[in-house]
Each structure stands twice: as C-alpha cells, then as structure tokens.
Amino acid sequence: MSSSFAALNQWVDEMAHLTQPMRIHWCDGSQAEYDALLAQMLARGELHALNARTHPGCTLHRSHPGDVARVEHLTYICTRERDDAGPNNPWMAPQEAHARMDALFAGCMQGRTLYVVPYCMGPIDSPLARCGVEITDSAYVVANMRLMTRMGARALARIEREGHFVRGLHSTGELDPERRFIMHFPEELSIQSYGSGYGGNALLGKKCHALRIASWQARQEGWLAEHMLIVGIQNPQGQTHYIAAAFPSACGKTNLSMLVPPEDMRHAGWKVWTVGDDICWMAPGKDGRLWAINPEAGFFGVAPGTSARTNPNALAMLDHDTIFTNVATTADGQPWWEGLNDRVPALDWQGRPFDPARGPAAHPNSRFTVSARQCPSFSAHAEDAQGVPISAIVFGGRRESLLPLVIEARDWAHGVMLGAAMSSETTAAASGAVGVLRRDSMAMKPFCGYNFADYFAHWLSFDRPGMQLPKIFHVNWFRKGGDGRFLWPGFGDNLRVLAWMLARCAGAADAVATPIGHLPRAHDLDVAALNLPAASLDALLSIDHAGWQREMQALGDYFAEFGARLPTRLERERRRVLDALEVISAQPARIANG
Ligand code: GTP
Ligand code: SPV
Ligand code: MN
C-alpha cells in the first residue's frame with residue numbers, strides 16, 4: 001500500500017532513503033493489524049502476556065530502565081528566531097537541529113520495519129480535528145497510537161482530501177540517553193524524535209503534535225491547544241455543564257475527568273461524564289462560547305494510585321484490552337501497582353523478584369494505554385464534531401502550602417494571570433528531581449511550542465466583544481497540614497468544589513472578595529458530609545497575606561524574564577493583586593476568611 005497523495009509518498013520515500021529500513025508497512029488501523037502486531041511483539045519478548053482470565057487482551061511492556069519518562073532538557077523548539085521559542089523552551093537553530101537529527105537517523109532502521117502511521121487528532125469528521133503522519137520503527141508505538149488516536153485508513157483518507165499533515169519521524173534508536181532528542185519545527189509543521197520509546201517522547205500525536213505544534217497553529221488560527229482534561233458535570237436538574245482543567249503532569253487530570261460523585265451527591269442526582277483526560281482543543285463558536293474537543297481517542301494514564309477508592313472508573317476499564325508499561329505483576333500474571341490492595345506484587349517493573357528495599361514495585365510513572373470507549377463514564381458527546389461548550393476553566397497545581405482550595409478569578413484577565421502564575425511540585429512524569437516547586441504556567445511549561453509571552457497575549461486576546469467566555473478558577477487539592485497529610489480528601493470529593501464553581505457560573509452561590517480573588521466560605525461549599533475539622537477548612541479557605549505578597553513578588557521576577565514581550569496587561573493584573581495585599585497588610589490583624 002501507499003497513498004494517492006504524492007507529497008506523502010515522496011516524504012515517506014525520503015525518510016526511507018535516510019533510515020534504510022528492511023521493509024515499509026502502511027498502517028490501516030484494522031483490528032487484524034493490531035492483533036498481528038501484538039502477536040509479533042509477544043513472540044519477540046517486547047510484550048509480555050498478562051493473566052488472560054482476569055485481564056483478557058492485556059499486555060505488559062517493560063521499557064529500557066533509562067527510558068521511563070519525558071525528557072524536558074532534550075526536548076527542543078527549533079524556530080528560526082530564538083525568541084520565538086522563548087525562555088520557556090530549550091531552543092536549537094533549525095539547521096543545526098536538522099544536521100544532528102539527520103546524522104542520528106542515517107541508516108538507523110536497518111533490519112527494522114518502517115511503519116507509516118496516518119492519524120487524526122480529534123473526531124474524524126470534526127472541523128477542529130487535525131491530522132498527522134508518524135513514521136516509526138517501533139511496533140509498540142504503532143499499537144499505542146492505535147489506541148490513542150484515530151489511526152489508519154480513515155485518517156489517511158482525510159489527509160489525502162485536505163492535502164496537508166504534520167510530519168513526525170521517530171526511531172527508538174539505541175535508547176541511549178546520550179543519543180536522544182525530541183525536536184519540534186513549528187515553522188515546518190514537523191517533529192523528529194530519536195532514542196526514546198516512552199509515551200510523550202514517542203507517541204508523536206500526543207504532546208509533540210497536539211500540544212507543541214498545535215499550540216503554535218492555534219495562535220495563528222485563533223484557537224487554544226491546552227494541557228487540559230474535559231469533564232461534563234450533570235446536576236440533579238439533569239443539565240450538563242463542561243469544565244476544562246489544566247493541571248501539570250501527574251497532578252490529577254485523569255482522576256478528575258473520571259470522578260465518581262461521593263455517595264450523598266450521587267444520591268442527590270449528580271453524574272460525571274468524561275470527554276478527555278489530558279488535552280483540550282478549544283475554539284470560539286458562532287455563539288462566542290469556547291467549544292472543545294478531546295484530540296485523543298484513548299488514555300495514557302498514570303497507574304500508581306489508581307484504585308477502587310480513588311478512580312473506580314479507570315480501574316473498570318483496565319481489566320481488558322489494555323497495554324501496561326512498567327507496572328509490576330502478581331504471581332499469577334496480573335498487573336500490579338502501588339495503591340492496589342487486593343493482591344500483592346511478585347515481580348517488579350523490571351521483571352525482577354519484588355524486593356521493597358529496591359523501591360516501589362511499579363515504576364512511579366508506570367502507565368496504562370486504553371481506548372476511551374472502555375471508560376464507563378465516557379461521554380455520549382465526547383465524539384461530537386462541534387465539541388462541547390465550556391462553562392468554566394480551572395487551573396491547578398500541586399502545592400503543599402499557601403494556595404487555597406479554590407480561587408475564582410474576578411475576570412478573564414485576572415484568570416489568565418492566575419494561570420500564568422501557576423506553579424507546582426514536580427512529579428515522576430518527567431525525568432529529574434521529584435517534589436521541587438517550579439513555575440508551570442497553565443501546566444504548559446513542557447508543552448507550549450512558542451514564547452510564553454506571546455502565549456499569554458494570545459490568551460488575553462480572547463477577551464473581546466462578542467465572546468461569552470467561561471469563568472476561570474484556580475484549585476489546589478494538595479494542601480498539607482502540619483502532620484504532612486493532605487488537608488482535602490480529594491478525588492470524588494473534588495466534585496464539591498466543581499459544584500460550587502458551576503453555581504457561581506449560574507449566579508447561585510456566594511463568595512467573598514479577597515485581594516487574590518473570590519473565595520467560598522466553608523458554608524458556601526457542600527462539605528457537611530465530610531466532617532472535616534474546622535481548622536482544616538479554615539486552612540484550606542484562608543489567605544496568608546505575607547506569603548501571598550512574597551508569591552506575587554516572585555511572580556514579578558518570573559514575568560521579568562520575558563522582557564518587553566510580556567503583555568503589560570498581565571503585569572498590571574499582578575500589580576493590582578500586590579497593591580491590594582499591601583493595603584491589607586498595613587492593617588493590624590490577619591483576616592481569616594471563615
Ligand atoms: P498526566 O497523565 O501525567 O498528565 O497526569 P494527570 O494529571 O492525569 O494525573 P493523574 O490523574 O494520573 O494523577 C496523578 C497522581 O495524583 C495519582 O497518584 C493520583 O492518585 C494523585 N491524585 C489525583 N487526584 C488527586 C486528588 O484529588 N488528591 C490527591 N491527594 N491526589 C490525587
Ligand atoms: C504527561 O506527562 O503530562 C503525560 C504523559 O500526559 S506523556 O504522554 O508521556 O507526556
Ligand atoms: Mn499530561
């Protein structure tokens with residue numbers, strides 16, 4: 001097979017000439033093709049079968065132990081002008097990047113199969129969807145792309161019809177961290193990734209295309225490509241409102257998107273519908289609202305911590321037809337990770353007999369890949385071509401102190417400032433130290449394909465006549481008490497905060513105006529059933545003015561990194577908050593927001 005589209009054939013020929021594969025396989029995306037790929041990988045030992053009785057159709061991949069997460073320091077934005085990539089991205093000149101990548105790719109597929117993977121990000125008939133083609137020498141990548149995207153013949157037909165596509169070239173190479181790069185050429189709409197087989201580094205439709213390249217295109221075309229989940233909240237009156245929420249990697253997007261209401265709210269009639277768990281593309285509709293699609297077709301989720309208590313919807317979809325990566329296994333070949341208490345691990349993620357002295361059994365960034373259709377809470381509107389209308393946008397980080405449970409922005413510009421100010425403790429989703437506080441504007445630090453200053457300006461530009469913009473909020477589920485334990489129960493109970501947000505959108509709930517934004521008081525939230533200590537609620541909902549002054553001053557230093565390119569409007573919003581805090585600090589007592 002090849003394509004009727006000459007430009008595509010020519011590019012595939014060129015890449016084959018460069019990489020010298022043994023054979024070329026054009027993926028049609030069929031079940032038969034998927035089954036054959038899995039069978040080959042099982043035969044070659046690249047996949048391991050799991051217990052076919054408890055987990056039919058499930059397999060386990062153990063990656064190279066040095067290739068278990070995204071590598072941000074090796075992920076470059078290659079624009080002609082360094083400033084177009086911004087201080088938020090590693091940058092390399094396109095010419096230099098191409099020279100390096102050509103050298104790495106030269107002959108790298110000798111003896112291997114080159115797979116041509118046409119894919120569509122978004123419902124295949126959606127005007128918001130965009131297509132790409134990934135060339136890869138990894139069967140594991142092909143199998144994951146089939147679960148994560150609309151892959152194969154229908155995507156190819158759309159590409160042939162439209163006449164353009166994002167070009168992605170990937171090889172696992174030697175899996176040598178010294179010979180590993182993930183390069184993005186937004187001006188050429190192309191991606192080149194060498195030396196890793198891990199998710200975000202290798203499934204090029206995901207972070208590389210749907211965030212880094214798409215964010216660049218979105219700015220030019222007037223839409224937004226964001227690191228956000230999309231969830232539908234159905235209230236007891238039967239109305240469903242959609243929320244898009246940006247949290248950094250491993251900070252709760254999958255969990256929030258599949259939330260199961262706590263018992264009292266379930267009985268009252270609340271329901272939750274999953275549209276997406278990681279990426280959101282939003283564009284203004286004719287009505288001025290933002291309409292959103294999930295460009296993905298599956299979930300590549302964090303396994304550890306997924307349990308019947310925290311995320312029963314996820315657990316229910318993982319007992320068949322799932323690819324697990326770097327989880328542990330039980331003696332009878334079931335997948336296992338920390339948080340599962342109904343069985344015990346026998347082999348760790350590297351396939352060694354489990355020894356707690358060597359650390360956790362499952363890698364902290366072990367993952368599952370599964371089709372979204374297997375999710376019990378998958379929304380009936382998740383594949384609507386026009387998307388779903390967004391009522392509220394939520395930003396949130398992992399912050400053990402200072403940040404209250406929830407803040408409502410006064411208006412769009414204030415909300416953009418709150419998003420730009422986001423910071424979060426790092427997690428195992430990227431290589432490097434865990435638990436270090438870092439700035440992560442809109443959870444897009446690793447994913448924005450251009451200068452954050454221009455990105456903030458793009459966000460601000462939506463505030464214009466004719467728009468019906470969603471309200472913006474900031475949340476923190478991860479506040480800790482003096483004993484080091486989380487103050488907020490999180491997971492299903494997060495619905496209590498979402499319900500308050502939607503009531504605010506409807507003008508049906510109260511809040512207090514503070515220098516940092518509007519905050520609920522304890523009695524504005526439906527938290528009676530939680531029986532939280534009053535001191536915990538007070539800590540979650542009050543403001544440390546001196547701490548916030550320091551936070552806003554540090555934000556000034558961050559904004560200064562962007563120089564004159566930073567929109568003045570954003571700095572004005574920061575000053576406004578700082579001035580209001582200074583007025584209050586000049587007054588005698590700390591005001592508790594009780
Ligand atoms: P990426 O796939 O890396 O983008 O991650 P994500 O944002 O989808 O994060 P995910 O939902 O997989 O959660 C990551 C970790 O955070 C898991 O260990 C969860 O158990 C934990 N977590 C999620 N939600 C909450 C919450 O509300 N409270 C607490 N304390 N932990 C949470
Ligand atoms: C993330 O790290 O934010 C993920 C996993 O969603 S990956 O696809 O590897 O980027
Ligand atoms: Mn993510």
Side-chain angles (χ1 to χ4, degrees), residues 63 67-72 75 141 144-145 148-149 182 193 196-212 226-231 245-260 262 274 276-280 294 296 298-311 313-315 325-326 337-340 360 362 364-369 394 396-400 405-406 424-432 434 440 443-447 475-481 484-498:
S63 77
D67 184 36
V68 293
R70 285 183 295 100
V71 281
E72 295 179 6
T75 301
V141 164
N144 276 269
M145 286 291 284
M148 294 302 297
T149 72
I182 298 96
S193 166
S196 168
Y198 170 75
N201 302 332
L203 312 178
L204 300 187
K206 195 172 173 58
K207 299 304 165 74
C208 300
H209 178 164
L211 288 176
R212 298 195 190 92
E226 300 299 326
H227 191 201
M228 292 178 174
L229 68 96
I230 308 167
V231 66
F247 310 146
S249 302
C251 289
K253 288 181 303 300
T254 300
N255 276 270
L256 195 70
S257 74
M258 293 172 199
L259 181 155
V260 173
T274 309
D277 83 325
D278 198 52
I279 304 183
C280 166
N294 171 13
E296 303 191 277
F299 306 118
F300 181 63
V302 178
T306 306
S307 71
R309 181 182 73 82
T310 59
N311 194 346
N313 278 326
L315 211 57
T325 300
N326 292 337
W337 50 83
E338 280 66 20
L340 287 183
N365 193 38
S366 54
R367 300 249 167 191
F368 53 79
T369 318
V394 181
R398 187 183 278 268
R399 293 286 301 262
E400 60 177 38
L405 181 63
V406 58
S424 192
E425 290 137 20
T426 52
T427 66
S431 65
V434 169
D440 191 352
M444 285 288 278
K445 166 73 180 72
F447 307 120
V475 299
N476 178 23
W477 313 139
F478 299 95
R479 187 73 176 266
K480 287 183 178 167
R485 293 165 61 151
F486 292 117
L487 287 173
W488 177 250
F491 304 105
D493 289 308
N494 293 337
L495 182 58
R496 302 178 192 283
V497 178
L498 303 186

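Here the structure is a predicted model, which is why all the values come from computation and not from measurement. In listed order, ligands and their atoms are each counted from 1.
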In terms of relative ring orientation, are Trp477 and Trp488 parallel, tilted or perpendicular, with 30° and 60° separating the classes?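 Parallel: the ring planes of Trp477 and Trp488 meet at under 30°.
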Does NZ or CZ of Lys207 come closer than 6.0 Å to the centre of the six-membered ring of Phe447, within 45° of the ring's axis?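 Output yes; distance and angle both within limits.
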Within 2.8 Å of the Mn ion (ligand 3), is there any N, O or S atom belonging to Lys207?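 Yes - counting backbone and side chain alike, Lys207 has an N, O or S atom under 2.8 Å.
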Checking a contact table here: which protein heavy atom is nearest [atom], and how many Å away?
atom: atom 1 (C) of ligand 2; value: Lys207 NZ, 2.9 Å
atom: atom 9 (O) of ligand 2; value: Gly200 N, 2.8 Å
atom: atom 8 (O) of ligand 2; value: Lys206 CE, 2.9 Å
atom: atom 1 (P) of ligand 1; value: Ala250 N, 3.4 Å

Consider ligand 1: state whether an atom of it lies below 4.0 angstrom from any non-hydrogen atom of [X].
X: Asn494; answer: yes
X: Pro248; answer: yes
X: Gly301; answer: no

Heteroatom distance test (Phe247, ligand 1): nitrogen or oxygen, under 3.5 angstrom: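 N/O-N/O distance under 3.5 Å: no.
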Geometric N/O contact Arg398 with ligand 1, under 3.5 angstrom: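 Yes, at least one N or O pair falls under 3.5 Å.
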Ignoring angles and geometry beyond distance, decide whether [X] reaches within less than 3.5 Å of ligand 2 through its nitrogen or oxygen atoms.
X: Tyr198; result: yes
X: Phe447; result: no
X: Lys253; result: no

Smallest separation among heavy atoms of Trp337 and Thr306, with atom names: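 For Trp337 versus Thr306, the nearest heavy atoms are NE1-O, 2.8 Å.
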Minimum-distance N/O/S atom that Asp278 presents toward the Mn ion (ligand 3):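 That would be atom OD1.
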